[in-house]
Amino acid sequence: MASPHTPTLPERLIAHLDMDAFYASVELLRYPELKGLPVVVGGRRMHEPKTLPDGSRQYARLRDYTGRGVITTSTYAARDLGVFSGMGLMKAALRAPDAILLPTDFDRYRHFSRLFKAAVAEIAPVIEDRGIDEIYIDLSEVPGVRESVGHDPQGGVRAVAREIKNAVQRATGLTCSIGVTPNKLLSKIASELDKPDGLTLLRADEIPSRIWPLAVRKINGIGPKANAKLESLGIETVGELAAADPQMLIAQFGRSYGHWLHEAAHGRDERPVVTHSEPVSISRETTFERDLHAKLDRAELGAIFTRLCEQLAGDLARKGYLGRTIGIKLRFVGFRTVTRDLTLDLPTQDAQTIRQAAGACLKRVDLSQRLRLLGVRVGSLSRPGDPAPARRPTRRVDSGPKPENLSLF
DNA sequence: TCTGGGGTCCTAGGACCC
DNA sequence: TCTGGGGTCCTAGGACCC
C-alpha cells in the first residue's frame, strides 16, 4: 500500500493507434473512383483491375471469384453489407455480389506501414509494433502531454493525439483512430469506440460508464471460445464480468486466465509498451486450391513441401536467423490440424536440412486423409554468432510406425 | 460456399536430472 | 520395494491476435 511518504507514480498515458480499414484505404489511394463503394481486399487469384483503352478501369466483382480465400479487409461500405475480415470470399459473394474485389498487395501495405510509424515516431518515439496497421504509443514522457489547456485537464493529451493523427494523415493520406487511456488494454478498446477517424480519451473513473456496457468480446484476449463460455455463464457485458466472483472465474477458466479476466474487466493492466522484441518462430504455410492426398498427389505435395522449406530458408537468411526446432503443420479436410516438431542438435538455416527434419516429422503423421494445408516452421531461433546451444543427449522419439503412413516424403 | 497466412502465449505430460 | 520433489527441455494442441 502507498503510505503518505511514498510518492504515487504518475499515471501512464498510453495510446493505441489503429489505421482505419488499412489495406482497403491504401487501395483507395490509387483507385480513388472507388471511394464510398463496397470494396473488399483479399483472395489469391489474379483479379487485378484492367485498364481499358479509354483509360477507365474494370474491376473484378466478388461474384466472379471462385476458390479458397478470405477477406483481408473491407471498406466501411462493404461492412454495411455484412462482409467482414476473415469471411470466406465465396460466402461474402452471396451477401455482396457486386462488391469490388481487389487483390492484396502486401509490399505496398508494408510501405505505408513504415510511413505512418515513422511519422508517429517523430512526435512520440516510444512505440510498440502490433503488426502492420496498429501500434501502442507511450505518451507519458512526450513534452506537453501533461499540460492542461484551458479548463480541460486532458487538453495536452488531446492536442498531442491530434498532432499524431495529423502527422499520419500528412505522411500517408490515411486516417487512423486513437484511444488514449492509462493502459494498453483500455486504449485498445478506446480506439475502437469512435472509428473511423476517431479520437477517444478515457480516464480510469470512466470505466463503469464507458467500458462496462460493452460486450466482453471487445476485450483483447477474449476470443470466440471464452466468449461462448462466458455467455453460457450468463455474462455478456464487461460490467457483468467485473461483478462476477473471481473465485468462480478461476474455477471456470483456470488460475491464470480466470484472474486475468477479473483484472481486465476492471480495466487493470500493467503491461509496458515494448519497443523491441525478437521473433520466436518463422513459418511458411499454404492452403491448396483443392485438397491433396499424400499418395494420389504425391509429386505435387512433395514439390510444395520442398518449396515451403526453400522459402523458409530464404526468410531465415534474409532476416539473419538460425533455428533449431523444425516443425510441420498439416490441416486435413474437416479442418483438423496436426503439428509435429523436432529439435536438432545444432541450429540451421539450410533448406535441405530443414526439408529433411520436416520430412522426419511428416513420417509421424497418419496421412490417409486428404490435406488442405501444409506448413513448415522454424523455432528456437538464434543469431549466427550466438554460442552453440548446450547439447543434450538425443532421446529416442517413439514414432510408432503408422499403418497409414504412406512413406512419401 | 465454410474457414488465409503470419505470429504469440499457455497448458500439460513425459523425459531427464539433481 | 512404496513412492519424493523441483526444475528444465521437448513435444502437441489450442486459444487468440493482426
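A, B, ... follow the sequence lines: proteins, then strands. Residue 1 opens every chain.
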Trainee: Using atom NZ of Lys184(A) as one end and atom P of dC16(C) as the other, report the distance to the nearest whole Å.
Mentor: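 It works out to 19 Å between those atoms.
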Trainee: Between Val70(A) and Lys91(A), which is nearer to the 5' end of DNA chain B once each is assigned its nearest nucleotide?
Mentor: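 The residue mapped nearer the 5' terminus is Lys91(A).
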Trainee: Rounded to the Å, how far apart are Ile304(A) CD1 and dG5(B) P?
Mentor: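 Ile304(A) atom CD1 is separated from dG5(B) atom P by 11 Å.
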Trainee: If you check the Met90(A) side chain, which of dG4(B), dC18(C), dT1(B) turns out closest?
Mentor: dT1(B)
Trainee: How many Å lie between OH on Tyr23(A) and C1' on dG6(B), as a whole number?
Mentor: 10 Å
Trainee: Under 4.0 Å from OP1 or OP2 of dG4(B): is there any side-chain N or O of Arg68(A) that close?
Mentor: no
Trainee: Within this structure, what is the CZ-CD1 distance for the pair Arg284(A) and Ile304(A), rounded to the nearest 0.5 Å?
Mentor: 14.0 Å
Trainee: Give me, pair by pair, the N or O atoms of the protein and of nucleotides 7-11 of chain B that are less than 3.5 Å apart, along with how far apart they are.
Mentor:
| residue | atom | partner | partner atom | Å |
| --- | --- | --- | --- | --- |
| dG7(B) | OP2 | Ser283(A) | N | 2.6 |
| dG7(B) | OP2 | Ser283(A) | O | 3.4 |
| dG7(B) | OP2 | Ser283(A) | OG | 3.0 |
| dT8(B) | OP1 | Val280(A) | N | 2.6 |
| dT8(B) | OP2 | Ser281(A) | N | 3.2 |
| dT8(B) | OP2 | Ser281(A) | OG | 2.9 |

Trainee: State, yes or no, whether a side-chain contact exists between His266(A) and Trp212(A) at a heavy-atom distance under 4.5 Å.
Mentor: yes
Trainee: Could Arg108(A) and Phe112(A) be counted as a cation-pi pair, given that NZ or CZ must be under 6.0 Å from the ring centre and within 45° of the axis?
Mentor: no
Trainee: If only side-chain N and O atoms count, and only distance matters, is there a donor-acceptor pair under 3.5 Å linking Ser177(A) with Asp20(A)?
Mentor: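 Looking only at side-chain atoms, Ser177(A) and Asp20(A) do form a donor-acceptor pair, the distance falling under 3.5 Å.
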Trainee: Rounded to the Å, how far apart are Met87(A) CE and dT3(B) P?
Mentor: 13 Å
Trainee: For Tyr76(A), does the six-membered ring have the charged nitrogen or CZ of Arg79(A) within the cation-pi criterion, i.e. under 6.0 angstrom from the centroid and within 45° of the normal?
Mentor: yes
Trainee: Heavy atoms only, 4.0 Å cut-off, all strands: where does Ala93(A) land among base, sugar-phosphate and nothing?
Mentor: nothing
Trainee: Output yes when at least one side-chain N/O atom of Arg331(A) is less than 4.0 Å from OP1 or OP2 of dG5(B), else no.
Mentor: no
Trainee: Please report the interatomic distance OH(Tyr321(A)) to CD1(Ile282(A)), rounded to the nearest 0.5 Å.
Mentor: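 Between atom OH of Tyr321(A) and atom CD1 of Ile282(A) there are 7.0 Å.
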Trainee: Report yes or no: do Thr343(A) and Arg324(A) form a side-chain donor-acceptor pair below 3.5 Å?
Mentor: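 Result is no, nothing qualifies.
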Trainee: Classify the nucleic acid contact of Ile222(A) as base, sugar-phosphate or nothing, counting any heavy atom under 4.0 Å across all strands shown.
Mentor: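 Sugar-phosphate, backbone atoms only, no base.
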Trainee: End-to-end bend of the helix from dG5(B)-dC18(C) to dC18(B)-dG5(C) (five-pair axes, 10° rounding)?
Mentor: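 Both end axes considered, the difference amounts to 10°.
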Trainee: When you measure from the side-chain N and O atoms of Asn220(A) to the phosphate of dC18(C), is any distance below 4.0 Å, counting only OP1 and OP2?
Mentor: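 Answer is yes, contact under 4.0 Å.
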Trainee: Mind checking if Ile135(A) touches a base, just sugar-phosphate, or nothing, with heavy atoms under 4.0 Å?
Mentor: nothing
Trainee: If the cut-off is 4.0 Å, is Thr104(A) near the phosphate of dG4(B), judged by side-chain N/O to OP1 or OP2?
Mentor: no
Trainee: Are any non-hydrogen side-chain atoms of Glu27(A) and Thr73(A) less than 4.5 angstrom apart?
Mentor: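 Answer no - side chains too far apart.
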Trainee: Could you give the CG-to-P distance, from Leu373(A) to dG6(B), as a whole number of Å?
Mentor: 9 Å
Trainee: Kindly write out the residues that satisfy side chain to side chain contact (heavy atoms under 4.5 Å, CB included) with Asp107(A), not counting sequence neighbours, or none if the list is empty.
Mentor: Asp105(A), Arg110(A)
Trainee: Round to the nearest Å and state the distance from Arg217(A) atom CZ to dC18(C) atom C1'.
Mentor: 13 Å
Trainee: Which nucleotide sits closest to the side chain of Glu134(A): dC18(C), dC16(C), dT3(B)?
Mentor: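 Closest of the options to the side chain of Glu134(A): dC18(C).
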Trainee: Separation of Arg290(A) atom CZ from dT3(B) atom P, in whole Å?
Mentor: 16 Å
Trainee: Between Leu316(A) and Thr348(A), which heavy-atom pair has the shortest distance, and what is it?
Mentor: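 In terms of heavy atoms, the two residues are closest at CD1-O, 4.2 Å.
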Trainee: With P as the reference atom in both, quote the distance from dC18(C) to dT3(B) in angstrom, rounded to an integer.
Mentor: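 Looking at atom P only, dC18(C) and dT3(B) are 23 Å apart.
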Trainee: Expressed in angstrom and rounded to an integer, what is the separation of Tyr321(A) atom OH from dG6(B) atom C1'?
Mentor: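 Whole-Å distance recorded here is 15 Å.
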